[in-house]
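The analysis underlying the following values was restricted to heavy atoms, covering all of them including side chains, and did not include hydrogens, waters or symmetry mates.
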Amino acid sequence: EDIVIVGTLGGTNRIYITGSVGKPEQVMPLPSDEDLTCITAIIRAGGQDRYANLRKVFVLRDLGGGTKTRIDVDVKAVKRGEIPDLVLQANDVIVVPEKFFSF
């Protein structure tokens, strides 16, 4: 589950999404006129794919100085209205992991 981001695409007001979504490895502009949430970003990246683990989604947020924090987002709980959706910030990285099945 390595994530490598090289350079920027014309600025820092972008978010990145990777993993089990319709169009992974997306770089999206962060709108200046609206709050972009985790679920909205997943939808804009083609939605979750068949094996997405929506309970284990997380966002890597840059705190500056080379420090990042991991914010867990249970997208299933957000969809049920149990918890609020996370409003994204510039340079956030959304990771939608796959479910692992044991047979």
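For residues 22-31, the set of pairs meeting the side chain to side chain donor-acceptor pair (under 3.5 Å) definition, not counting sequence neighbours, comprises Thr18-Glu25.
Contact between Asn13 and Ala90 at its shortest, heavy atoms only, is OD1-CB, 3.9 Å. Closest approach of Ile15 to Gln89, counting heavy atoms only: CG2-O, 3.4 Å. When all heavy atoms are compared, the tightest approach of Thr37 to Leu88 is O-CD1, 3.7 Å. Minimum interatomic distance between Ile42 and Gln48 (heavy atoms only, all atoms of both residues): CG2-N, 3.8 Å. Taking all atoms of both residues into account, the shortest heavy-atom contact from Gly19 to Pro24 is O-CB, 3.4 Å. Of all the heavy atoms in Ile17 and Ala41, the pair that sits closest is CD1-O, 3.9 Å.
Hydrophobic clustering places Leu54 together with Ile71 (ILVMFWY residues linked when any side-chain heavy atoms are closer than 4.5 Å, directly or through intermediates). Cluster membership check: Val87 does not share its hydrophobic cluster with Leu36, using side-chain heavy-atom separations under 4.5 Å among Ile, Leu, Val, Met, Phe, Trp and Tyr.
Atom CG of Leu30 is separated from atom OH of Tyr16 by 10.5 Å, given to the nearest 0.5 angstrom. Considering NZ of Lys56 and CG of Asp74, their distance stands at 8.5 Å, rounded to 0.5 Å. Atom OG1 of Thr69 is separated from atom CZ of Arg61 by 8.5 Å, given to the nearest 0.5 angstrom. Rounding to the nearest 0.5 Å places CD1 of Ile94 at 10.0 Å from CG of Leu60. Taken from NZ in Lys99 to OH in Tyr51, the straight-line distance is 10.0 Å, to the nearest 0.5 Å. The line from CG of Asp85 to CD1 of Ile39 is 4.5 Å long, rounded to the nearest 0.5 Å.
For the pair Arg44 and Met28, the minimum side-chain heavy-atom distance is below 4.5 Å.
Few gaps surround CZ on Arg80; more than 12 heavy atoms of other groups in view lie less than 6.0 Å from it.
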**Message:** Between Cys38 and Val57, does the side-chain contact (heavy atoms from CB on, under 4.5 Å) criterion hold? Intermediate values first, please.
**Reply:** CA-CA 9 Å; Cys38 193; Val57 173; 4.0 Å; yes
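For Arg55, there are no salt bridge (charged side-chain N to carboxylate O under 4.0 Å, His left out) partners at least two apart in sequence or on another chain.
Partner of Val21 under the side chain to side chain contact (heavy atoms under 4.5 Å, CB included) criterion, chosen from Val96, Val95, Ile43: Val96.
In this structure, the side chain of Asp62 does not engage the main chain of Asn91 through any donor-acceptor pair within 3.5 Å.
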